[in-house]
Amino acid sequence: MRRIVLSAFCALAVAACQSGSSQRPSQPDQPRLEVPAGAQSVKIAADPASVRSALVSSAQERGTVVLQDQPNMVVLERPMTGPNPALDSEFGPSDNGQRVIRIRVRFTGTPCQTLAVQDLAVINNVRTALEQSFVLPGNPNTMQSLQGLKSRAEQGSSCPPLSS
C-alpha cells in the first residue's frame, strides 16, 4: 500500500512539473542589449513592435533608406552628397564611391518599456572594394533624433510615461 501511495504521489509530482513547464510566455523572448561606448540610448513607454513601426514609418516619410528591418533592429542609411572637408580630414576622402551615414537602432523590452540603442557609422566608398567604416560618437543632433523616435512611439501607446 505504501508503495502504491508513493508511486501515485511521484506520478502527480511529475505531472505537475510537466504541465507547468509546457506553458509558453505570452511575449517572445527579447534579446538583452548592452549600450556600447559612443552609442546613445533612451527608454520608451511603448512595446518593441511600436518602436520599430515608428522608426520605419519615420524613415520612409523622410526618404531615408531602410537597409534592414527586423523585429529588434532597424538599420538606416543616409547618403552624404557633396564635398565634406570635415569628414575628409577625419576619415579620409570617399573618392572611389559614395559616403553614407549608417544608423543602427536596436531595441528590446516589454509591452510598456523598451530600451532603444542607437549607434552610427560613416562609410566611405560604400559598396565598393575600398569600403571603410568608422564608428561615430553620438552628438546632440543624433540624440534629438532618438528623442523624436521616443515621442513618436509613445504617441500611440497606452502605456504610462516612464520616469527618467
- Message: Looking at R152, I'd like to know if its CZ atom is crowded, meaning that more than 12 non-hydrogen atoms belonging to other residues, nucleotides or ligands lie closer than 6.0 Å.
- Response: yes

- Message: Does Q144, at its CD atom, have more than 12 non-hydrogen atoms belonging to other residues, nucleotides or ligands within less than 6.0 Å?
- Response: no

- Taking all heavy atoms of P160 and all of A45, pick out the closest pair and write down the distance. O-CB, 3.4 Å

- Is R127 salt-bridged to E131, going by a charged N under 4.0 Å from an acidic O? no

- Flag the pair R99 and D88 as a salt bridge only when some basic side-chain nitrogen lies within less than 4.0 angstrom of an acidic carboxylate oxygen. yes

- Message: Looking only at side-chain N and O atoms, does E77 offer a donor or acceptor that is under 3.5 Å from a partner on T64?
- Response: no

- Task: Indicate whether any N or O donor in one side chain lies under 3.5 Å from an N or O acceptor in the other, for D47 and S50.
- Result: yes

Using only atom types and a distance under 3.5 Å, with no angle test, would you say the side chain of [X] pairs donor to acceptor with the backbone of [Y]?
X: S151; Y: Q147; value: no
X: T114; Y: A46; value: yes
X: T142; Y: N139; value: yes

- Message: Rounded to the nearest 0.5 Å, what separates atom CD in Q98 from atom CG in N125?
- Response: 10.5 Å

- Query: In Å and rounded to the nearest 0.5 Å, what is the CG to CZ distance from L120 to R78?
  - Reply: 10.0 Å

- Query: Would L162 end up clustered with F107 when hydrophobic side chains under 4.5 Å apart are linked, directly or stepwise?
  - Reply: no

